[in-house]
*Asks:* 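Quick one: the structure is below, and I'll ask about it shortly.
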Amino acid sequence: MSAYSPHQDSATSIAENGSDYGSDVDDTTAYELLSQAESQPLRHVVLESIEEPLSEDDSTRQHPNSGVSHMQQSLDGVRQSSFKTRSHLDAREFREASIEVEYDEGNRVTFSPSRAPNEPQASRATSVEFDKNDTRSLLERFRTRPKKALSVTDLVSPAWCEQQYEYSLTKYGRVRRTPAMKQGSSVHKELEEQVRGVEVVIETVSKEDRFGLQIWNAIEGLRILRETGLTRELQVWGVVEGEVVIGIVDEISTSCPDENMEAAILEDLRNPKSGSQRKNRKSDQLPSDQRTLTNFLTSSQNGSVLENNPAFLGTLQQDKPSSYYVKDIKTRQSRTLPGPGSPSRPTHMQLMLYHRLLSSLAANEVPAEKIFERYSLDQNAHFSDKFIAEIGNLNIGAYAPSADQDGGVPLEMIQRQDPLTELLQHNTLALLWNLLMTEFARTLPTQGVNGPPISPLLTAEFRTASAKSRRGDDVIEEAGTLIGQRSFPFEAAVIDGYIRDEMAWWKGERETKGVEVEEAYKCRMCEFAEGCVWRKTKVEEGLRKSKLRSESRRKSEV
DNA sequence: ATTGCTGAACGG
């Protein structure tokens, strides 16, 4: 059964801690854990500081009609004497809009006649009561227009505990950010700026402008990937079982995190019969990332596709297929790695889902109209002059002939078009989407390259969340220090099955499942533990079982 | 969108 591991998880760790909580906890211990959760349910939850005001972002909020971009001054001045600009949309407005809607629903719930609608406490309590009687699916209640679209997080978080995610949604309409999450975000932001540069504000007029900026940022992300072999925080869109799903891929790079494991995986894909092959794979259902060695040098019509593709260069130098590697960076409070089994399931699913979404974008299989429709966008509306001009201005330094004496245009920019011209040529969402598709095809060609464009070797990288200790004035450990990493293979059957199962839950086709007894440790830090219906039934079940066991033990002793 | 989540010190 072991769902997702034909190969063992490979772990490289500085502070290895391999204990797998998913395996060796017996029922009695699990029962004790569940009971503990009862007596100290909130021990690891800082309730007060978790709650953030609705207008949390007010202080930093941009003008409503603006987005944020990134801009970077080149530091190694040899061939980059002019500067490089990068843009990146901050989707804050979209997010805020949808959060407001969610809270609106919280209020709408208060139309129950017995209660004053504008009393926050009462409204919260009753909204939970009311939710119990709401028979609509979670999808309808929380992820249907005009609320935000389904996200990778939405599909993956239930792998930790569906019941917890459901409580979060029905109580707050979202998951509340903890201090640990904020630390994580700042580590991520720093990593992103290493690649994209600092944020720059872009003015937008229409919602099409704002979505266009997101697409533009994704295009930039792909170009950065081709030029530098590394990109971070790449936005992806997809449609899963008819639902629009969006996500942000932490990191894609050209450096292979584990050559041996990759070789083993590729060998498995090429030769399913041999070695540690998994069950359930039918030969007519090979994953889309399988590639043969044929047509390697012959199939591409477009020379620049290959020239621009580091994967191509890689194959010239080495005898192994070269790919892009998807990675997710997780910051942690402790210096230990999570166990390789059940504790890693959410991360596995997250990375495999990114792999799926990236592959279908690379194959131009994503129906853009569905996405524009989901956000009520007019795919043929022209971007505003303001927006087009802003993008043109933003990047001007990178493309105009440099004023520096030794300068000229940076080498890596030569292949780039002037962004103003480019945006003018792709001045609607439909056209800009086409450009995005071209960039995907260029970066991750599905034909003509030796090996899968996106490696089936997926990796989670763990880093510390904060500066830990000091000795005197010496900082011993900085925030973001590497703890270790774990790699594992993409498995189509596993992620497909998982997606089907979670979508059934979102659609209300099956009941919510909480954690198994073996995973009762999760309850210890869950803010909903105290009132959790699932946990209650599990405690009873555990109690019943341990009674049964001690009875039969007594019998056998006699 | 994402962000994070599995005490530590102890005794044997």
Side-chain angles (χ1 to χ4, degrees), chain A residues 17-25 29-30 33 36-37 40 43-46 50 52 56-57 67-68 88-99 143 148-161 164-165 168 174-192 214 217-218 221 232-238 244-251 328-347 350 353-354 357 460 462-466 479-480 483 515-516 518-529:
Chain A
N17 173 354
S19 98
D20 181 353
Y21 288 77
S23 61
D24 54 6
V25 182
T29 318
L33 283 169
Q36 276 169 24
Q40 354 175 286
R43 201 164 93 189
H44 298 273
V45 182
V46 191
I50 288 171
E52 53 201 27
E56 183 229 6
D57 284 336
V68 176
H88 162 73
L89 171 74
D90 176 315
R92 193 175 288 141
E93 299 154 57
F94 286 115
R95 190 184 68 217
E96 283 178 351
S98 42
I99 285 175
R143 292 295 181 265
K148 64 180 176 187
L150 212 53
S151 69
V152 169
T153 308
D154 289 329
L155 285 172
V156 143
S157 300
W160 176 262
C161 176
Q164 183 187 39
Y165 208 62
S168 283
R174 59 172 178 152
V175 171
R176 299 198 294 177
R177 290 182 89 221
T178 62
M181 289 176 180
K182 288 179 182 169
Q183 283 185 317
S185 296
S186 82
V187 170
H188 274 255
K189 184 162 189 179
E190 200 165 305
L191 289 168
E192 180 186 4
Q214 289 197 57
N217 282 321
R232 293 221 167 95
E233 311 291 330
L234 182 75
Q235 168 115 44
V236 289
W237 297 266
V244 170
V245 172
I246 57 181
I248 305 257
V249 181
D250 240 359
E251 179 179 310
D328 199 69
I329 296 160
K330 301 286 183 200
T331 59
R332 292 175 64 78
Q333 302 296 99
S334 80
R335 294 208 44 129
T336 60
L337 286 183
S342 128
S344 296
R345 210 166 93 99
T347 305
Q350 185 180 8
L353 197 41
Y354 288 145
L357 295 173
F462 299 92
R463 311 183 91 107
T464 57
S466 59
I483 299 170
V515 299
E516 293 303 320
E518 296 79 20
E519 297 176 321
Y521 64 87
K522 291 174 179 174
C523 303
R524 239 185 348 213
M525 53 207 153
C526 175
E527 80 172 286
F528 307 110

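The structure presented is a predicted model; accordingly, all values stated were derived computationally and were not measured. Naming convention: chains lettered A, B, ... in sequence-line order (proteins, then strands); numbering from 1 in each chain.
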*Asks:* Ignoring the backbone of A/R332, work out which of B/dG7, B/dG4, B/dC5 is nearest its side chain.
*Replies:*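 The closest nucleotide is B/dC5.
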*Asks:* Could you tell me how far apart A/E527 (CD) and B/dC5 (P) are, to the nearest whole angstrom?
*Replies:*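 Answer to the nearest Å: 16 Å.
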*Asks:* Counting side-chain heavy atoms from C-beta on, which of B/dT3, B/dC5, B/dG7 comes nearest to A/Q350?
*Replies:* B/dT3
*Asks:* Between CD of A/Q350 and OG of A/S344, what distance do you get to the nearest 0.5 Å?
*Replies:*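 Going from CD on A/Q350 over to OG on A/S344, the span is 12.0 Å.
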*Asks:* On the nucleotide B/dG4, are OP1 or OP2 found under 4.0 Å from the side-chain N or O atoms that A/R177 carries?
*Replies:*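 The answer is no; no side-chain N or O of A/R177 sits under 4.0 Å from OP1 or OP2.
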*Asks:* Closer to the 5' end of DNA chain B via nearest nucleotide, is it A/K522 or A/S151?
*Replies:*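 That would be A/S151.
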*Asks:* Not counting sequence neighbours, which residues clear salt bridge (Lys or Arg N to Asp or Glu O under 4.0 Å) with A/E190? List them please.
*Replies:*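 For A/E190 there are no salt bridge (Lys or Arg N to Asp or Glu O under 4.0 Å) partners, ignoring immediate neighbours.
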*Asks:* Tell me: CH2 of A/W160 to P of B/dT3, nearest whole Å?
*Replies:*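 Computing the A/W160:CH2 to B/dT3:P distance gives 14 Å.
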*Asks:* Please give, in whole Å, the distance from B/dC5 P to A/D328 CG?
*Replies:*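 The distance from CG of A/D328 to P of B/dC5 comes to 13 Å, rounded to the nearest Å.
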*Asks:* Provide, to the nearest angstrom, the distance between the OH atom belonging to A/Y165 and the P atom belonging to B/dC5.
*Replies:*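 To the nearest whole Å, that distance equals 17 Å.
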*Asks:* Is the base of B/dG4 syn or anti, where syn means the angle lies within 90° of 0?
*Replies:*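 That one's anti.
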*Asks:* Taking 4.0 Å as the cut-off, does a side-chain nitrogen or oxygen of A/Q333 come that near to OP1 or OP2 on B/dA8?
*Replies:* no
*Asks:* Just the rounded figure in Å: distance from P of B/dC5 to CZ of A/R524.
*Replies:*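 Roughly 14 Å, once rounded to whole Å.
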*Asks:* Rounded to whole Å, please give me the gap between CZ in A/R335 and P in B/dA8.
*Replies:*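 Result: 13 Å.
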*Asks:* What's the CZ-P distance between A/F462 and B/dC5, to the nearest Å?
*Replies:* 10 Å
*Asks:* Ignoring hydrogens and geometry beyond distance, is a side-chain donor-acceptor pair present between A/E519 and A/S342 at under 3.5 Å?
*Replies:*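 Yes, because at least one side-chain N or O of A/E519 sits under 3.5 Å from a partner of the opposite role on A/S342.
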*Asks:* Less than 4.0 angstrom between a side-chain N/O of A/T331 and OP1 or OP2 of B/dG4, yes or no?
*Replies:*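 Yes, within the criterion.
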*Asks:* For A/D250, give me all partners under salt bridge (Lys or Arg N to Asp or Glu O under 4.0 Å), at least two apart in sequence or on another chain.
*Replies:* none
*Asks:* Over how many whole Å does the gap from A/I329 atom CD1 to B/dT3 atom P extend?
*Replies:* 10 Å
*Asks:* Using the side-chain contact (heavy atoms from CB on, under 4.5 Å) definition, which of the options A/E233, A/Q183, A/R232 pairs with A/H188?
*Replies:*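 For A/H188, the side-chain contact (heavy atoms from CB on, under 4.5 Å) test succeeds with only one of A/E233, A/Q183, A/R232, which is A/E233.
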*Asks:* Which part of the nucleic acid does A/V152 contact within heavy-atom distance under 4.0 Å: base, sugar-phosphate only, or nothing?
*Replies:*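 Since only primed, P, OP1 and OP2 atoms lie under 4.0 Å of A/V152, the category is sugar-phosphate.
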